[in-house]
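Here the structure is a predicted model, which means the values were calculated and not measured.
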Amino acid sequence: MSVRIVRLGTDRGAGEGPRLGTVRRPPRGVRKEDYASGNWYDTWLPELSPSAELVASARAAQSEAEWAAFVKAFRKEMAAPGPSHLLDTLAVLSHSGAFSLGCYCEDEARCHRSVLRELLAERGADIA
């Protein structure tokens, strides 16, 4: 079993398990009852998304230095007790169940989900 890091709204992979949406806002124009059937997410975890201010800085980042500043600030947000405990829990659960975390961004390398992948790996998560 393991955790997968995915792009929300894409086709689900075999054995992916439930999708956890780590986004600040639900998908636009999609009815709440269609989130799961539309391959968005099965449950919403906005606690693992960047603050609105950090989302804006990530979108505006054009240089590696600007992206690195976003990563540092997002890691600081994820070090707060609530998100940190949630990441610890997900890391433990990754050893006994399959689930996935996702965001809407097309490029994982420029998305907070790449940082979530690192944070989970640092906690010993089983990552697919």
Side-chain angles (χ1 to χ4, degrees):
M1 302 298 177
S2 61
V3 59
R4 296 172 194 251
I5 309 299
V6 300
R7 181 176 182 206
L8 301 178
T10 60
D11 291 340
R12 293 175 189 251
E16 184 178 307
R19 279 192 178 181
L20 312 177
T22 63
V23 291
R24 181 66 33 208
R25 306 227 185 280
R28 291 183 183 185
V30 179
R31 296 180 337 179
K32 188 175 187 176
E33 53 271 8
D34 295 334
Y35 292 166
S37 64
N39 291 325
W40 295 101
Y41 50 75
D42 299 297
T43 193
W44 187 29
L45 285 179
E47 299 84 1
L48 295 183
S49 68
S51 63
E53 297 79 20
L54 280 185
V55 169
S57 73
R59 287 184 178 154
Q62 297 198 9
S63 69
E64 288 305 313
E66 291 170 328
W67 178 253
F70 162 77
V71 169
K72 182 178 180 180
F74 181 55
R75 281 179 162 272
K76 183 176 180 181
E77 286 186 352
M78 293 298 101
S84 181
H85 291 207
L86 186 51
L87 287 166
D88 290 342
T89 301
L90 293 174
V92 169
L93 291 174
S94 72
H95 295 282
S96 60
F99 61 93
S100 56
L101 300 178
C103 180
Y104 309 125
C105 299
E106 187 173 345
D107 181 7
E108 183 181 327
R110 287 293 186 149
C111 177
H112 79 282
R113 70 181 188 263
S114 66
V115 181
L116 291 176
R117 178 189 297 275
E118 293 170 0
L119 291 168
L120 287 165
E122 290 165 11
R123 288 166 164 79
D126 182 4
I127 302 174

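The minimum heavy-atom distance linking Gly21 with Trp44 is given by the pair O-CD1, 3.4 Å. Ala128 and Ser2 get closest at one heavy-atom pair: CB-OG, 3.3 Å. For the residue pair Leu90 and Leu48, the shortest heavy atom distance occurs at CD1-CD1, 3.6 Å. When every heavy atom of Trp40 is checked against every heavy atom of Val30, the shortest pair comes out as NE1-CG2, 3.8 Å. Considering every non-hydrogen atom in both Ala98 and Gly15, the closest pair reads CB-O, 3.4 Å.
Contact annotation: the side chain of Leu87 approaches that of Leu120 to within less than 4.5 Å [non-hydrogen atoms, C-beta and beyond]. Between Met78 and Pro83 there is a side-chain heavy-atom pair separated by less than 4.5 Å. Looking at Cys103 and Val23, their side chains come closer than 4.5 Å, going by heavy atoms from C-beta outward. Counting heavy atoms from C-beta outward, Leu8 and Thr22 have side chains that stay 4.5 Å or more apart.
Counting heavy atoms of neighbouring residues, nucleotides and ligands inside a 6.0 Å radius, atom CZ of Arg25 does not exceed 12 of them. Within 6.0 Å of CZ in Arg24 there are more than 12 heavy atoms belonging to other residues, nucleotides or ligands.
Exactly one of Arg4, Arg7, Arg117 qualifies for a salt bridge (Lys or Arg N to Asp or Glu O under 4.0 Å) with Glu108. That residue is Arg117.
The salt bridge (Lys or Arg N to Asp or Glu O under 4.0 Å) analysis of residues 39-58, with sequence neighbours excluded, yields the pairs Arg12-Asp42. Among pairs with a residue in residues 106-128, those fulfilling ring pair (Phe, Tyr, Trp, His ring centres under 6.0 Å) read Phe74-His112, at least two apart in sequence or across chains.
Tyr41 and Ile5 fall into different hydrophobic clusters, where Ile, Leu, Val, Met, Phe, Trp and Tyr residues are linked whenever their side-chain heavy atoms come under 4.5 Å apart, directly or through other members. A chain of hydrophobic side-chain contacts below 4.5 Å, direct or via other Ile, Leu, Val, Met, Phe, Trp or Tyr residues, connects Leu116 to Trp67. Note on Val115: it clusters hydrophobically with Leu20, by side-chain heavy-atom contacts below 4.5 Å among ILVMFWY residues. Val6 is not connected to Phe99 by any chain of hydrophobic side-chain contacts under 4.5 Å among Ile, Leu, Val, Met, Phe, Trp and Tyr, and they are in different clusters. Cluster membership check: Phe70 does not share its hydrophobic cluster with Tyr104, using side-chain heavy-atom separations under 4.5 Å among Ile, Leu, Val, Met, Phe, Trp and Tyr.
Neither side chain, Thr89 nor Arg123, offers a donor N or O lying under 3.5 Å from an acceptor on the other.
In this view, Arg28 satisfies the salt bridge (charged side-chain N to carboxylate O under 4.0 Å, His left out) rule with no residue, not counting sequence neighbours.
Salt-bridge formation is not detected for the pair Glu106/Arg113: no Lys NZ or Arg NE/NH1/NH2 atom is positioned less than 4.0 Å from an Asp or Glu carboxylate oxygen.
Using a distance-only test at 3.5 Å, with no hydrogens or angles considered, no donor-acceptor pair links the side chain of Ser84 to the main chain of Pro81. Panel note: side chain Arg19, backbone Ala36; no donor-acceptor pair is recorded below 3.5 Å.
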